[in-house]
Amino acid sequence: MVDVNNFYVSCERAFNPRLTDVPVVVLSNNDGCAVARSNEVKALGVKMGAPWFQMKALARQHSIVALSSNYTLYGDMSNRVVSILREFSPDIEVYSIDESFLRVETVDHLYGGATAMGQAMRYRIRQWTSLPVCAGFGESKTLAKLANHLAKKNPVFDGVCDLTALTDEERQQWMGKIEVGEVWGVGRRIAVRLQIMGIRSVRDLATADLKLLRLQFGVVLERTVSELQGTSCLELDDLADPKQQIMASRSFGAMVDDLAELGEAVAWHIDRAAEKLRDQGSVAGAVYVFIQTNRFRQADPQYNPGVVVPLVDVSDDTRALTTAALKGLRHIYRPGYSYKKCGVMLMELTAKQQRQETLFDDAATRDKSAKLMVAMDAVNSVWGRGTLRTGAAGMSKGWAMRSENRSPRYTTSWEELPVAS
DNA sequence: TCTGGGGTCCTAGGACCC
DNA sequence: TCTGGGGTCCTAGGACCC
């Protein structure tokens, strides 16, 4: 299991060396929360997800640099890391934007063992992308994650930890030092319940009574514990299944109370969701649309409705999906509230190839629709997202999110290439 | 003033079938 | 007094992940 340290921050540092060794945070959309922290910032006690406005005093005091998120850059850097990892093993599951699982037992001998292979990965990724990574090896995904955690937290491992190379005794010792909540699959709720039962460390969990845990927590935790004991229960998903639902939503930069403006935002989200839908070759059977007031302002009247609008015929046409979403929006909208967020979810996704014909099918219209969508996606892929969009998505974008300190899209936009001087 | 945006899997319970 | 024994499908809610 390989992951990039402080991924978003490391991407920013790759192109702006002045950020090295200074405290840096990357903020969520709308510049809301800290979603990535450099080690310096973690040392100051800033938690994942901490609201930025609450830490402004601390930031001034320690000269923390806060950057808006730049997902175009992070996505591109992520692809580069994955393409390097593929050279090490073709059996790879890209688990998240900065983490991958690889099957290595048939190839690690080429490098003289897992630890050496991990170091080779670290070196090459550092050399080619300038990103720092850590690698963890284990008999199961959960153990590999744990090994990665050890590699990251303990300098003695120099960024690579192979649990399979440790003696039982060493393994027990390390596992005794890690809190149970660090285990992949043990979240906050379960961690609390486990601690009440006296299960505090990873070692406690790995040696606990499997039957009892199954009874109290269900099959999910049972699998986690089996994995900790070295029995692999989670497959390597090297072929990503198509998504079962596709979501697009954003908080607004400023409150919105007007139906027309909400409609533009909803249509904009449909544009993006429909793009993702066509990209994976699916059609949707229903559209869910929701709007939300600001839940942090409890003094304000709260209203968070949502509705599922079934489609008469499955579709991947932005126009049909927009019509459905706007119909749903009109149904749930109530004047007199200030809305903070809206979004859409495409549901009941199926493969376009397997689409069921209907009694009133009109092949000519469907063919035109398909061609139009292909053209739209092609234009937008060359000229940028939203270049060609439905009129419903509007021109104003008064609701656009805040993004006050975004770095350039160094690697994907000719206008924003880094300049050496 | 200000608080992210995506996803997955599992279980329980209700409605319905013969 | 006593009231079967299988199933399926769907939804809501809860837990987790990054």
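Lettering of chains follows the sequences in order, A, B, ..., and the numbering in each one begins at 1. Only this structure's heavy atoms are used, side chains among them; waters, hydrogens and symmetry mates stay out.
Residue A/S69 places none of its side-chain N or O atoms closer than 4.0 Å to OP1 or OP2 of B/dG4. Residue A/K56 places no side-chain N or O under 4.0 Å from the OP1 or OP2 atom of B/dT1. Between A/R250 and the phosphate of B/dG6, there is a side-chain N or O to OP1/OP2 separation shorter than 4.0 Å. Taking only side-chain nitrogens and oxygens, A/Q245 never comes nearer than 4.0 Å to OP1 or OP2 of B/dG6. Side-chain nitrogen and oxygen atoms of A/S249 include at least one within less than 4.0 Å of the OP1 or OP2 phosphate oxygen of B/dG6. Between B/dT1 and A/K340, no contact under 4.0 Å exists linking OP1 or OP2 to a side-chain N or O. Between A/R297 and the phosphate of B/dC2, there is a side-chain N or O to OP1/OP2 separation shorter than 4.0 Å.
Side-chain N or O atoms of A/K141 include none that pairs as donor or acceptor with a backbone N or O of A/S232 at under 3.5 Å.
Defined by atom type and a distance below 3.5 Å, a donor-acceptor pair is present between the side-chain atoms of A/R122 and A/Q119. A/D31 and A/S68 form a side-chain donor-acceptor contact under 3.5 Å, judged by distance and modelled atom types alone. At a cut-off of 3.5 Å, with distance as the only test, no side-chain donor of A/Y337 or A/Q292 sits close to an acceptor on the other residue. Between the side chains of A/S96 and A/D98, at least one donor-acceptor pair of N or O atoms lies under 3.5 Å. Checked by atom type, the side-chain pair A/R389/A/T318 shows no donor-acceptor distance below 3.5 Å. When only modelled atom types and interatomic distance are considered, A/Q280 and A/S282 share a side-chain donor-acceptor pair under 3.5 Å. Side chains of A/D76 and A/T412: a donor-acceptor N/O pair is absent below 3.5 angstrom, by distance only.
Atom C1' of nucleotide B/dT3 and atom CZ of A/F296 are separated by 4 Å, given to the nearest angstrom. A/M347 has its CE atom 8 Å from the P atom of C/dT11, to the nearest Å. One can place CG of A/L349 at 14 Å from C1' of B/dG6, the figure rounded to the nearest angstrom. One interatomic measurement links the two molecules: NZ of A/K141 to C1' of B/dT8, which rounds to 12 Å at whole-angstrom precision. Between A/R295 atom CZ and B/dT3 atom P the separation is 10 Å, expressed in whole Å. Atom CG in A/L234 sits roughly 11 Å away from atom P in B/dC9 (whole-Å rounding). As rounded to whole Å, 20 Å separates atom C1' of B/dT3 from atom OH of A/Y339. Spacing between atom CE of A/M345 and atom P of C/dA12 amounts to 11 Å, rounded to whole angstrom units.
When heavy atoms are screened at a 4.0 angstrom cut-off, A/R193 is found touching no nucleic acid atom at all. A/N29 comes within 4.0 angstrom of the backbone, heavy atoms only, and of no base.
The line from OG of A/S315 to CG of A/L277 is 8.0 Å long, rounded to the nearest 0.5 Å. For the atom pair A/N39 CG and A/D21 CG, the distance stands at 10.0 Å (nearest 0.5 Å). Atoms CG and OG1, on A/L234 and A/T231 in that order, are 11.5 Å from each other to the nearest 0.5 Å. Here the CZ-CE distance, from A/R272 to A/M247, works out to 11.5 Å after rounding to the nearest 0.5 Å.
Overall bending of the helix from B/dG5-C/dC18 to B/dC18-C/dG5, expressed as the angle between end axes built from five pairs apiece, is 10° (10° steps).
Taking atom P in both B/dT3 and C/dC18, one finds a spacing of 25 Å when rounded to whole Å.
At a threshold of 4.0 Å, the pair A/K340-A/D300 does not count as salt-bridged, since none of the basic side-chain nitrogens sits closer than that to a carboxylate oxygen.
Comparing A/M401 and A/P242 against DNA chain B, the residue whose closest nucleotide sits nearer the 5' end is A/M401. For A/Q244 and A/D31, each mapped to the nucleotide of DNA chain B holding its nearest heavy atom, the one lying further toward the 5' end belongs to A/D31.
Among residues two or more places apart in sequence or in another chain, the ring pair (Phe, Tyr, Trp, His ring centres under 6.0 Å) test is passed with A/W52 by none.
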List the atom pairs, donor and acceptor, that lie under 3.5 Å between side-chain atoms in residues 398-406 of chain A and the rest of the protein, sequence neighbours left out.
residue: A/R402; atom: NH1; partner: A/G253; partner atom: O; Å: 2.8
residue: A/N405; atom: ND2; partner: A/A66; partner atom: O; Å: 2.7
residue: A/R406; atom: NH2; partner: A/E416; partner atom: OE1; Å: 3.3

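Less than 4.0 Å separates DNA chain B from no heavy atom of any residue of residues 80-97 of chain A. Remark: A/V219, A/V220 in residues 194-221 of chain A come within less than 4.0 Å of DNA chain B through at least one heavy atom. Within residues 182-189 of chain A, the residues that place at least one heavy atom under 4.0 Å from DNA chain C are, in residue-number order, A/V183, A/W184, A/G185, A/V186, A/G187, A/R188, A/R189.
In the set B/dT3, B/dG4, C/dA15, C/dA15 carries the atom at the smallest distance from any side-chain atom of A/I190. Comparing B/dC9, C/dC18, B/dG7 by their nearest atom to the side chain of A/K276 picks out B/dG7.
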